[in-house]
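Remarks on the structure that follows.
Here is the naming used below: chain letters follow the sequence lines, and residue numbers restart at 1 for every chain.
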Number of protein chains: 2
Amino acid sequence: MKRCAIGLDYGTLSVRAVLTDIFTGDIAAESVFDYPHGVMDRLPGGEQLPPGWALQHPLDYLDGLKHVIRGVMKESGASPEAVGSIGLCATSATILPVTEDLTPLCLTPAFENEPHAWMKLWKHHAAEPEADLIGQTARERGEGWLDAYGGRVSAEWAVPKILESLRHAPRVYDRAYRFLDVMDFLTCKLTGKLTASGCAMGYKAFYRNGQFPDPMFYRAVDPRLEDLTHGKMGMPVSPVGTCAGTLTAAMAAELGLEKGTPVGTPLIDGHASLPGCGVTRPGTLVIVMGTSACHLILSEKDAAIPGIQGSVKDGIMPGYYGIEAGQTCVGDLFGWAAENCLTEAYVRQARERGIDAHRLLTEKLAGYRPGKSGLIALDWFNGVRTPLMDYDLSGLILGITLSTKPEDIYLALMEANAFGTRGIVELFERAGVGVDRIVLAGGIPEKNPLVPQICADVLGRPVEKANTRRASAMGAAAAGIAAAPKKVTGCAGMADAVERLARKGTTFWPRKEHVRVYNGLYADYTALQDTFGRGGNDVMKRLSRLRRE
Amino acid sequence: MKRCAIGLDYGTLSVRAVLTDIFTGDIAAESVFDYPHGVMDRLPGGEQLPPGWALQHPLDYLDGLKHVIRGVMKESGASPEAVGSIGLCATSATILPVTEDLTPLCLTPAFENEPHAWMKLWKHHAAEPEADLIGQTARERGEGWLDAYGGRVSAEWAVPKILESLRHAPRVYDRAYRFLDVMDFLTCKLTGKLTASGCAMGYKAFYRNGQFPDPMFYRAVDPRLEDLTHGKMGMPVSPVGTCAGTLTAAMAAELGLEKGTPVGTPLIDGHASLPGCGVTRPGTLVIVMGTSACHLILSEKDAAIPGIQGSVKDGIMPGYYGIEAGQTCVGDLFGWAAENCLTEAYVRQARERGIDAHRLLTEKLAGYRPGKSGLIALDWFNGVRTPLMDYDLSGLILGITLSTKPEDIYLALMEANAFGTRGIVELFERAGVGVDRIVLAGGIPEKNPLVPQICADVLGRPVEKANTRRASAMGAAAAGIAAAPKKVTGCAGMADAVERLARKGTTFWPRKEHVRVYNGLYADYTALQDTFGRGGNDVMKRLSRLRRE
């Protein structure tokens, strides 16, 4: 029996590996590798990239792979034979074209100065026109799958990025053997075979219930795209929880592992948090709070919920639909207040005490009473994902007086974020997706305990803060363990692996008096949402037009 | 013929005198005296005053009188015979009880430790319960005069302050020979006779069209108040523009002036700005912008306009109704943003350059395009005076995004203030009080030229910034000149005097493209005003209750 599993979490600026004990869930070793090229604003050849572009260097990912796996092996002292599996997750829809031998096109001399040949990071935003065209065409044709993606196509998803390359650099498109999600690129490299993740394809490439959109749809978008899903994106799609392949001899040698080690079907990093928080069944909502928030829940049945990001069978845990909703800004929202709403005295106090503005504002809120500030806010500072799916909406702060202090604004934004969360929970429940437990993951609840407490008070129910900050890497590790036979790991599938790795979180209990006040304020939040988000008063649309004029 | 006139402006912290040339309007000399006791938060005997209290020392006013008059005489070198008149203005409804020989009660040994025997400054706010009682009683009895005061009684006005003394210190009330507005106290001292200003009584003591409220009304408020206006407030009321009396021999000797020098009926300082800006006829709206704003206009006829502060015949210029409206915060509004909406970098930049936040934010707005920030605000940070007369309303900022910068908020508040001003102008015009010229006075437009420019752009018409920062003192001087016979000054009444003293202001012209954008935003401001201020959504009322809970 193998004792260890490796989980890899490819983030925006670094990759992290954990080596975990399959039986106890203890993390035996961790290793991090910062990408030397980070997010590139110019090509290695020197060419400056336009605004909105965000490229990365594939060698950073491959060098990182070797560095962190060798790192955890060395730190833990584990022998290669002790490693039962590898699992990985990565940022969503980070896309690169490769040649037939899996060489990134950008690393071939003819393409090294061609921006579209490089790896487009999840937050590469230059494919807006392509996203609009794909969305518009899907709407015109009444494509049924569009509703499962909230009725809108994001420029951050896979196909707009590929279409952008086709339209602006056709020779890249022609020369590319495949366009791969980076998590698939890594899996193909590890296993030596072509395979695509059901999570990546499901949430970011319109793959639903075993099929991609009809070729006729892609032809309507652009005639050259007609055979996209059989050609440039053509690969067998593996459900999460299955084995994507096993480690090749060459990669095993490079990484210092055993040939034939099973590799799990990879996941998107946010989605990997759900199993990473120990969740295996419907009923538990995991909210990953970083700069934005991603709400993940398992469901027995498919659900058409307004403004969700995707509902994908086997997309997170085998056997269930994985439903994803979102709030467009959380850490960014609090960061806005901590950056832009300070007095001179607060700046001085923070400097003198060597603390950041978040900490200072949170301290000033010690013993606060909800409602005392008299503020209510709409947390739409980056538009709205779930439920309104409207990026022309914007933020609001109401109730300001001459006595309003920066910490009042900071609190109002934390409350507004929690009101938005409550709206999503109620939306799920109305759609028949029951929520009986809520777990917060990600950096924000970790950094500020007020965030889970306010969530509990606003939701009027206990809220758990996940125990691990390595939720994505642990979720990936679990998906890896699921790739190995039971006789090797002792685990009967992914759910079993997840339960072994699970750690108990910290529970925040709702405070009765706070719940009472927040129930009233939530009713006002909902009314404001209806007024400004559902056509009662279109002022935010007009302001959005003016801003762009 | 006399060449010179003296104008006195009693402010909150100091008194200023100007000595002006009656024929040219040139200011020959100025003198300022800071009140040694300022605004007292404890009695001279040491007793600490409760929150909301604001008392002053009558000797500061009398010492200041002597200091500044002797000051301008000395600086100008004018001989006592050259001084044709004295005029004065003071803050509104600053009230003190006096004995029969005009000694302030607080300066008699039996009362020096009695807070209610001292002078209650305009911003003494402890009489809220009395103001509520008076307003409530007036509403219940359907008192006709209440509408002319916007339907509400302010704790800052005269009668609530007197009733507060009656209820909390009946021996002060009993012992007082009269309760005087400080401007009347000074005039009585100068002239040796009992006389009350039509401006003070008209705007702050419910004196309308030659009479005070019915004694039965005061009996309903408190039986002991029944003969208030014939007893403790009983004095002949002089219209503005008339002679209140002439200088006594004793005061002439003390001040170094001629006995018999005419003293004009005094005005409230804000109201004195109207003649001080050279206005003598209906059609010109003078807006005095300080911490709050006061809108003054003359009218041939009385007007019942929602939310005005008063409409008083002969209250500002003889022969006309003087109508006063108000915005509750202007300088305070911009000050809120300049204090609470800063980044760490902005604090550093301001410090390094030795400039204040207002200047820094204004510089960052150089070349701004209206609408570009995508913000719209309601300027109700201190409640609303005209038109809604509702202090449970509060401010709103809408359209905030992650890109919103402090200067965007600062601009949005300046724009909101101008939208509020436009609302008042349109309110006047709908009520038949035509506005064909707008003059801004006070410190705010002087400090920041963006303020008058945005006003012009929002109103879509030229806006003048008054030439003089001494508008109140010059208005007072004109009221003084009007007290002297024509053969002495060459002036045929107050209008003639005002025109002689007038100075041309600076005109700010509306910019066509800005006007277009602001017309659209103003429509949105009006819609938001209706939603949140007129019952569409009562969230601000609920927040106000929560804040007080």
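The two residues L543(B) and G399(A) have their closest heavy-atom pair at CD1-CA, 4.2 Å. Counting all heavy atoms, side chain and backbone alike, I400(A) lies closest to W336(B) at CG2-CZ2, 3.6 Å. Across all non-hydrogen atoms, the minimal contact from R516(A) to E549(B) is NH2-OE1, 3.3 Å. Minimum heavy-atom separation, L342(B) to E344(A): CD1-N, 4.4 Å.
Separating the CG atom in N382(A) from the CG atom in L402(B) is a distance of 4.5 Å, to the nearest 0.5 Å. Annotation: the span from S394(A) atom OG to I397(B) atom CD1 amounts to 12.0 Å, rounded to 0.5 Å. Here M540(A) contributes atom CE and I376(B) contributes atom CD1; the two are 11.0 Å apart, rounded to the nearest 0.5 Å. The CG atom of L333(B) sits 11.5 Å away from the OG1 atom of T401(A) when rounded to the nearest 0.5 Å. Interatomic distance, CZ of R547(A) versus CZ of R369(B), reported as 11.5 Å (0.5 Å rounding). Here the CG-CG distance, from L398(B) to L398(A), works out to 9.0 Å after rounding to the nearest 0.5 Å.
The shortest distance between side-chain heavy atoms of V347(B) and T343(A) does not fall below 4.5 Å. Using a 4.5 Å cut-off on side-chain heavy atoms (C-beta onward), L546(B) and K372(A) make no contact.
At a 4.5 Å heavy-atom cutoff, the contact between N537(B) and chain A is made by side-chain atoms alone. For F532(A), the part lying under 4.5 angstrom from a heavy atom of chain B is the side chain only. Contact of L521(A) with chain B is made through the side chain alone, with heavy-atom distances under 4.5 Å. Neither the backbone nor the side chain of R545(B) comes within less than 4.5 Å of any heavy atom of chain A. Only the side chain of R351(A) has a heavy atom closer than 4.5 Å to any heavy atom of chain B. Heavy atoms closer than 4.5 Å to chain A are found in the backbone of S373(B), but not in its side chain.
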- prompt: Going through the distances and angles, do C341(B) and N340(A) end up as a side-chain contact (heavy atoms from CB on, under 4.5 Å)?
  reply: CA-CA 6 Å; C341(B) 297; N340(A) 293 287; over 6 Å; no
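For the set V517(A), T404(A), T531(A), L378(A), the entry with the most heavy-atom pairs within less than 4.5 Å of chain B is T404(A). Ranked by heavy-atom pairs under 4.5 Å with chain A, the list G371(B), G395(B), A357(B) is led by G395(B). Among D538(A), L396(A), D524(A), the residue with the largest count of heavy-atom pairs under 4.5 Å with chain B is D524(A).
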